[in-house]
Number of protein chains: 2
Amino acid sequence: MESRIDRIKKQLHSSSYKLTPQREATVRVLLEHEEDHLSAEDVYLLVKEKSPEIGLATVYRTLELLTELKIVDKINFGDGVSRYDLRQEGAAHFHHHLVCIECGAVDEIQEDLLEDVEEVVEKRWHFKIKDHRLTFHGICYRCQDKKK
Amino acid sequence: MESRIDRIKKQLHSSSYKLTPQREATVRVLLEHEEDHLSAEDVYLLVKEKSPEIGLATVYRTLELLTELKIVDKINFGDGVSRYDLRQEGAAHFHHHLVCIECGAVDEIQEDLLEDVEEVVEKRWHFKIKDHRLTFHGICYRCQDKKK
DNA sequence: CTTCTTGCAAAGCTTTTGCAGCACG
DNA sequence: CGTGCTGCAAAAGCTTTGCAAGAAG
């Protein structure tokens, strides 16, 4: 069976890029932390554990490359660093985020809740939507429970 | 009649901050460019036209202060700079944005289109929503028309 | 006086870039 | 060989901070 890495390798090849050991190590870290929202520095430190010789610049370059190929999405929650999020395979749109203003946790909503809204926006504002970013700021279920 | 500046002055006072000449000049620039999405540097240059002695750090400090008081919202469209957007008076939530991937224009949607979605999120994910950020990326009506 | 605010310069951070060397066909 | 990729260090932004001086009550 074809693995996720293999498919990413093909995506790279079809744009004439190689899956070098450094790039593979970076992608593996992203796969192992799919639930998280790692910054470039986070990724760098994790890659370094297994491939200590990698440079931070290479991580940045790889993340930029993966963003360009739409394998990952670059997001910004307003804390001064960019974070990188593996896109669901075959997902047309970017998923949504729930950012907790108390504990800082970031949860994901994979479901697309914006279909109706997008229809309205396309018609009423005559805007051809290609992608979206939706983040809710509030209090997560864990922090709500904690207060009781 | 009470002006917008007066009301902002009161908001500052009620948190024991002063509306200094520098702060007032900064707020005026924001009011005059309500439609735009100015970066700190943009604001600095515009304020400088009328108050040449102002320092960039003061503009940053003022924008931070206004963000804290929820008079402006700090946004990030992923281009490496923070932008500042005056909040509609009395608006409970942040408005939405349409970012054109061809010409870079940013249009605003003042209407709140997320009421239904928020209800679903609060119930299904047990998340207490305090605010949201919604940005659509796509092609604006101007660029669509241009192609015809 | 006392407290808050400012301007300047320096420092801090994240991210990008230049370049020589390496890898691999 | 040639092209692409990497690591390192330097550079380049954007933003924050330290500090002495200034403003305001």
Side-chain angles (χ1 to χ4, degrees), chain A residues 8-29 37-69 71-85, chain B residues 8-29 37-69 71-85:
Chain A
I8 289 172
K9 188 171 183 176
K10 281 187 185 163
Q11 279 184 267
L12 286 171
H13 284 166
S14 71
S15 304
S16 342
Y17 294 115
K18 296 171 194 163
L19 184 63
T20 62
Q22 290 90 336
R23 288 180 184 164
E24 180 167 345
T26 305
V27 170
R28 283 192 190 284
V29 162
H37 301 84
L38 305 174
S39 67
E41 184 83 28
D42 294 337
V43 174
Y44 171 62
L45 293 174
L46 287 164
V47 173
K48 235 178 172 208
E49 288 176 10
K50 302 215 169 157
S51 315
E53 71 299 342
I54 201 169
L56 179 55
T58 301
V59 171
Y60 270 102
R61 284 187 278 233
T62 302
L63 291 171
E64 188 192 5
L65 180 60
L66 295 172
T67 304
E68 191 187 302
L69 297 179
I71 293 167
V72 307
D73 282 298
K74 189 174 178 179
I75 36 177
N76 199 303
F77 294 128
D79 59 349
V81 293
S82 292
R83 296 177 180 281
Y84 298 85
D85 211 346
Chain B
I8 289 172
K9 187 170 182 175
K10 280 187 184 164
Q11 278 185 268
L12 287 171
H13 285 166
S14 71
S15 303
S16 343
Y17 293 116
K18 297 170 194 164
L19 184 63
T20 62
Q22 290 89 335
R23 287 179 184 162
E24 180 167 344
T26 305
V27 171
R28 283 192 190 284
V29 162
H37 300 83
L38 304 174
S39 66
E41 183 84 29
D42 294 337
V43 174
Y44 172 61
L45 293 174
L46 287 165
V47 174
K48 237 179 171 210
E49 289 176 9
K50 301 215 171 157
S51 314
E53 71 300 341
I54 200 168
L56 179 55
T58 301
V59 171
Y60 270 103
R61 285 187 278 233
T62 302
L63 291 170
E64 188 193 5
L65 180 60
L66 296 172
T67 303
E68 191 186 301
L69 296 180
I71 293 167
V72 307
D73 282 297
K74 190 174 176 177
I75 36 176
N76 199 303
F77 294 127
D79 59 349
V81 294
S82 292
R83 298 178 177 279
Y84 298 85
D85 211 345

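Order of the sequence lines sets the chain letters (A, B, ...), proteins ahead of strands, with each chain counted from 1. What's counted below: heavy atoms across the whole structure, side chains too, no hydrogens, waters or symmetry copies. The shown structure was predicted, so the numbers you read here are calculated from the model rather than taken from an experiment.
Nucleotide D:dA11 holds its P atom 17 Å from the CG atom of A:Leu56, rounded to whole Å. Computed from coordinates, the B:Lys18 NZ to C:dT2 P distance equals 15 Å when rounded to whole Å. To the nearest angstrom, C1' of D:dC14 lies 17 Å from CZ of B:Phe77. Between the C1' atom of C:dA23 and the CG atom of A:Leu19 lies a distance of 15 Å, rounded to the nearest Å. Protein atom CG of B:Asp79 is 13 Å distant from nucleotide atom P of C:dT15, rounded to whole Å. Atom OH in B:Tyr60 sits about 16 Å away from atom P in C:dC8, given to the nearest Å. Rounding to whole angstrom units, CD of residue B:Glu24 and C1' of C:dT6 are separated by 16 Å. Distance B:Glu41 CD to D:dA12 C1': 14 Å, rounded to the nearest Å.
Within the 4.0 Å cut-off from OP1 or OP2 of D:dG7, at least one side-chain nitrogen or oxygen of A:Gln22 is found. Here B:Thr20 reaches the OP1 or OP2 of C:dT6: one of its side-chain N or O atoms lies under 4.0 Å away.
Among the nucleotides D:dT16, C:dT17, C:dT16, the one closest to any side-chain atom of B:Lys74 is D:dT16. Checked against C:dG7, D:dT17, D:dG7, the side chain of B:Ala57 finds its nearest nucleotide in D:dT17.
Within 4.0 Å of A:Arg23, counting heavy atoms only, lie sugar-phosphate atoms of the nucleic acid but no base atom. Residue contacts shown for B:Ser82 are limited to sugar-phosphate atoms, with no base heavy atom under 4.0 Å away. Among the atoms of the strands shown, none is found under 4.0 Å from any heavy atom of A:Glu64.
Distance CZ/A:Arg23 to CD1/A:Ile54: 10.5 Å, rounded to 0.5 Å. Between atom NZ of residue B:Lys18 and atom NZ of residue B:Lys9 there is a gap of 12.5 Å, rounded to the nearest 0.5 Å. Interatomic distance, CG of A:Leu56 versus CZ of A:Arg61, reported as 10.0 Å (0.5 Å rounding).
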side-chain contact (heavy atoms from CB on, under 4.5 Å) between B:Asp42 and B:Val81, worked out: CA-CA 11 Å; B:Asp42 294 337; B:Val81 294; over 6 Å; no

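The base of D:dG4 is not paired with the side chain of A:Arg61 by any donor and acceptor separated by under 3.5 Å.
Across the interface with DNA chain D, nearest-nucleotide mapping of B:Gly80 and A:Tyr17 shows A:Tyr17 to be the residue nearer the 5′ end.
Side-chain contact between B:Ile71 and B:Gln11 is present, with at least one heavy-atom pair separated by less than 4.5 Å.
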